[in-house]
Number of protein chains: 2
Amino acid sequence: MKRSTIKDVANRLGVNPSTVSRALKDHPDIGLALREEIKRVAAEMRYTPNQMAVQLRQRQSHLIGLVIPEITMFFYPSVIRGIEEVLEPRGYQLVMLPSNESPLREAQNLRFCGENQLAGVLISFTRHTSPADGLSLLTRLDMPVVVFDKSLPDLPFDSVILEDEEAACRATRHLIDSGCTRIGGIFGSPNLLITQKRLQGFRRALSLSGLPFSEAMVRFAGDAAEADLCVREMIALEVIPDALFMMSDEIVMGAYPAILRSGIRIPENCSVICISDGFIPGCYYPGISYLHHDGAGIGREAALRLIGLIESDRSVALPEHRMVNAELVELESTNPVLKGD
Amino acid sequence: MKRSTIKDVANRLGVNPSTVSRALKDHPDIGLALREEIKRVAAEMRYTPNQMAVQLRQRQSHLIGLVIPEITMFFYPSVIRGIEEVLEPRGYQLVMLPSNESPLREAQNLRFCGENQLAGVLISFTRHTSPADGLSLLTRLDMPVVVFDKSLPDLPFDSVILEDEEAACRATRHLIDSGCTRIGGIFGSPNLLITQKRLQGFRRALSLSGLPFSEAMVRFAGDAAEADLCVREMIALEVIPDALFMMSDEIVMGAYPAILRSGIRIPENCSVICISDGFIPGCYYPGISYLHHDGAGIGREAALRLIGLIESDRSVALPEHRMVNAELVELESTNPVLKGD
DNA sequence: ATCCGTTGCGCAATCGTTTGCGGTTGATAA
DNA sequence: TTATCAACCGCAAACGATTGCGCAACGGAT
């Protein structure tokens, strides 16, 4: 039994398809009696509109492309929840387009968005996308787009990102304020703009307090396993910090157990702080203070902006760059605030 | 500058749209010279096919619906990676349809799949979906579907799930074999079939070894925060186990720090084991042995089955129920295997 | 009896592609 | 010279829904 079309309904009643179409959307041109009858029959025949046809006619789908560097358990699940929160009540759906950290795949993903007439695109770039490539990709895409989190320098498109430099600086200062002086840092992939900015903030905090910056005290890790290695290296080289800044949840999950494993005690021998989405720090004991990198919030903001672009006249507005700032959350290890995330 | 259509290309060359269409797909009816010329012009005009139109004509999209109870950082990111791995090379894309643990939203999501002529559906049910509702939803959907992980009893559709009972039993036996006798368990939402089966496995292991089962030693937690509470309650009531089985990563993240916080030492005072996707256990020190609930593997399996249904004659085959078994991974806490997840 | 204005519905084009079929060439065979 | 047959390409009808326009019927006003 195939799905019934508007034509089937029309034939069944001996009326024109256009009449059915109008009746179903309560067009006043159709008499009340017939209108009800049509609705009845349509329901009985379990008619539902074929959205492919509707969208072809309307020249637009209600699909939003989500182009992200990779599907990870960090950050993006929150972002997606935030986005969904905004999209769902407005009838849009999200299409996942993971790029697996490959600029090539990223380009294909964007092409997909164009060919399928998606309503708009939310994108976070891979760690290997060059600013020039990113620019040209989005430019030729010619469709509403909002960049979030992993942005590129000087992009003339709307964006929603964390105040990275400031967040890292405040985190580091928090360590300094609590009396630490030999402060180490573990950062993400050095290609990323957010890494560069967070490193800058880290350095700024040090120099503001007259503390020396030592190359030996900073490490870069592409994932949790590398973060684990970073810690081991530092221990092996006997550059033992009395405090450690970790720029992300993923790094925490690699580095934190590595610290404990090496025999160093937290926080007695080494204070820690990180930039986090908020869930992970409460899952460790002793807990970790963090600057809240609110994934859901960023997702919501980005989605709202995109909906704005889509439903307004998309061509005019100047790009807006929203920087959301991170709130410091201090975790008393005796009474952690475990949120539902 | 609007996107150019096949007609635009045709007009530019003074040929018929059908000729362009055929030329672009290397149909032998079109002469080689013209064929090349058309391709040249098409590329020059940056023509790309409008997939909406193609799909309307072809009566099928290359979109696969992913209906899951909720977007969490646990399990589903791995599942999605597994699915993508299979889908991407075949040109399918994934549409996220989170139900937020609401059966109503779940029903809407499935309706969406129907109306948009998605090629197929991968579904994991919410904890509140009744077997009858699930059955009727999928039946009336009338489209290729594979259920994974959170299934329902006696569903006449293909499914890929973990061998839950067996996994929990083996995990519990592992604790028993290492000499533990007062074994506690923290489980997920009691509505879930996987919870029931894992609880069954837990009990079976106990009874196999002649150990008593005590209601006081099992707790149910809907999320990490509740798992934290479970541990506190057990401590408060002084039902102190010498080993703890945790049925999921999410529960680990709530319970593990709670145990440490209460002063109990792992593994000296309390051995732990869990069922896990594999990443989390290595992120704790001391590490946790686990039975591997391979998200990516389940995702791959489910996707493969679905593709099979889609590309074969979908109507004939009897439903297959695949149970993947979990491998025991013992973590030497001194040298944890941190995988990239 | 004529004119006008509603009311209620059908006709047909359209969105962009695909595809069965038919028709026009030119060359080759009879 | 004519029948035959490729080789090449165009025509038009789909896919399923939407929508501007036209038009019949009817009632009321003049």
Side-chain angles (χ1 to χ4, degrees), chain A residues 1-39 41-42 45-63 91 111-119 143, chain B residues 1-39 41-42 45-63 91 112 114-119 143:
Chain A
M1 63 156 189
K2 297 181 39 184
R3 304 170 50 80
S4 43
T5 76
I6 216 169
K7 257 183 219 166
D8 300 330
V9 178
N11 289 338
R12 179 95 117 69
L13 282 158
V15 300
N16 193 280
S18 61
T19 305
V20 176
S21 174
R22 284 191 256 256
L24 292 178
K25 6 182 82 62
D26 276 321
H27 193 305
D29 263 14
I30 309 301
L32 217 60
L34 180 56
R35 216 190 291 178
E36 293 309 321
E37 175 67 0
I38 288 180
K39 286 188 189 172
V41 173
M45 297 178 69
R46 322 199 74 250
Y47 165 77
T48 63
N50 180 333
Q51 298 293 340
M52 307 252 68
V54 174
Q55 289 160 14
L56 172 58
R57 187 75 229 256
Q58 241 88 98
R59 311 153 150 300
Q60 205 208 66
S61 74
H62 274 185
L63 263 30
R111 194 152 52 79
F112 175 91
C113 296
E115 293 186 359
N116 286 65
Q117 315 273 120
L118 298 204
M143 121 180 339
Chain B
M1 62 153 193
K2 296 181 38 185
R3 305 169 49 80
S4 43
T5 75
I6 217 169
K7 260 184 217 167
D8 299 332
V9 179
N11 288 338
R12 179 96 118 69
L13 282 157
V15 301
N16 194 280
S18 59
T19 305
V20 176
S21 174
R22 286 193 254 255
L24 293 179
K25 6 180 81 63
D26 276 321
H27 189 100
D29 264 13
I30 309 302
L32 218 59
L34 181 53
R35 217 191 288 179
E36 293 309 321
E37 175 67 359
I38 288 180
K39 286 188 190 173
V41 173
M45 296 178 70
R46 322 200 70 248
Y47 164 78
T48 64
N50 180 334
Q51 297 294 342
M52 308 254 68
V54 175
Q55 290 160 13
L56 172 59
R57 186 76 229 254
Q58 241 90 98
R59 329 166 91 85
Q60 205 208 68
S61 74
H62 273 185
L63 263 30
F112 175 91
E115 294 186 358
N116 285 67
Q117 315 272 121
L118 298 204
M143 113 181 344

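None of these values were measured; they are calculated from a predicted model. In what follows, every heavy atom counts, from backbone to side chain, and hydrogens, waters and symmetry copies are set aside. Chain naming here is simple, since letters A, B, ... match the order of the sequence lines and numbering starts at 1 in each.
Whole-Å rounding puts the B:M52 CE to C:dT14 C1' distance at 16 Å. In this structure, A:D8 atom CG and D:dC15 atom C1' are separated by 13 Å, rounded to whole Å. Per the geometry, NZ belonging to A:K25 stands 16 Å off P belonging to D:dG16, to the nearest Å. Rounding to whole angstrom units, CG of residue A:L13 and C1' of C:dG8 are separated by 15 Å. The nearest whole Å value for the distance from the CD atom in A:Q58 to the C1' atom in D:dG16 is 12 Å. For the pair B:N11 CG and C:dT17 P, the interatomic distance rounds to 12 Å; values are reported in whole Å. Going from atom CD1 of A:I38 over to atom C1' of C:dG10 covers 12 Å, rounded to whole Å. Atoms CZ (B:R3) and P (C:dG16) sit 10 Å apart, rounded to a whole Å.
Using a 3.5 Å distance cut-off with no hydrogens or angles, the side chains of B:Q60 and B:Q117 do not pair a donor with an acceptor.
Pairing each heavy atom of A:A23 with each of A:I38, the nearest pair is CB-CD1, 3.6 Å. The shortest heavy-atom contact between B:M143 and B:L118 is CE-O, 3.5 Å. Across A:S61 and A:A119, no two heavy atoms sit closer than the pair O-CB, 3.3 Å. Across every non-hydrogen atom of A:Y47 and A:V9, the tightest pair is CB-CG2, 4.0 Å.
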Taking it one step at a time, do B:R3 and B:T48 satisfy side-chain hydrogen bond (donor to acceptor under 3.5 Å, both in side chains)?
CA-CA 8 Å; B:R3 305 169 49 80; B:T48 64; 2.7 Å; yes
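Residue-level contact check: B:Q55 touches neither bases nor backbone, having no heavy atom under 4.0 Å from any strand. When heavy atoms are screened at a 4.0 angstrom cut-off, B:T48 is found touching the sugar-phosphate backbone but no base atom.
Applying the salt bridge (charged side-chain N to carboxylate O under 4.0 Å, His left out) criterion to B:R22, with sequence neighbours excluded, gives no partner residue.
For D:dC9, the base has a donor-acceptor partner in the side chain of B:D29 [N/O atoms by modelled type, under 3.5 angstrom].
Along DNA chain D, the nucleotide nearest to B:I30 and the one nearest to B:R59 differ in position, and the one closer to the 5' end is contacted by B:I30. Where A:L56 and B:L32 meet DNA chain D, the nucleotide closest to each residue was compared, and B:L32 sits on the side nearer the 5' end.
Against DNA chain D, the stretch residues 15-24 of chain A makes heavy-atom approaches under 4.0 Å through A:S18, A:S21, A:R22.
The listed nucleotides are D:dA17, C:dC9, C:dT17; the one nearest the side chain of A:L34 is C:dC9.
An OP1 or OP2 oxygen of D:dC15 is reached within less than 4.0 angstrom by a side-chain nitrogen or oxygen of A:K7. The shortest distance between the side-chain N/O atoms of A:Y47 and the OP1/OP2 oxygens of D:dG16 is not below 4.0 Å.
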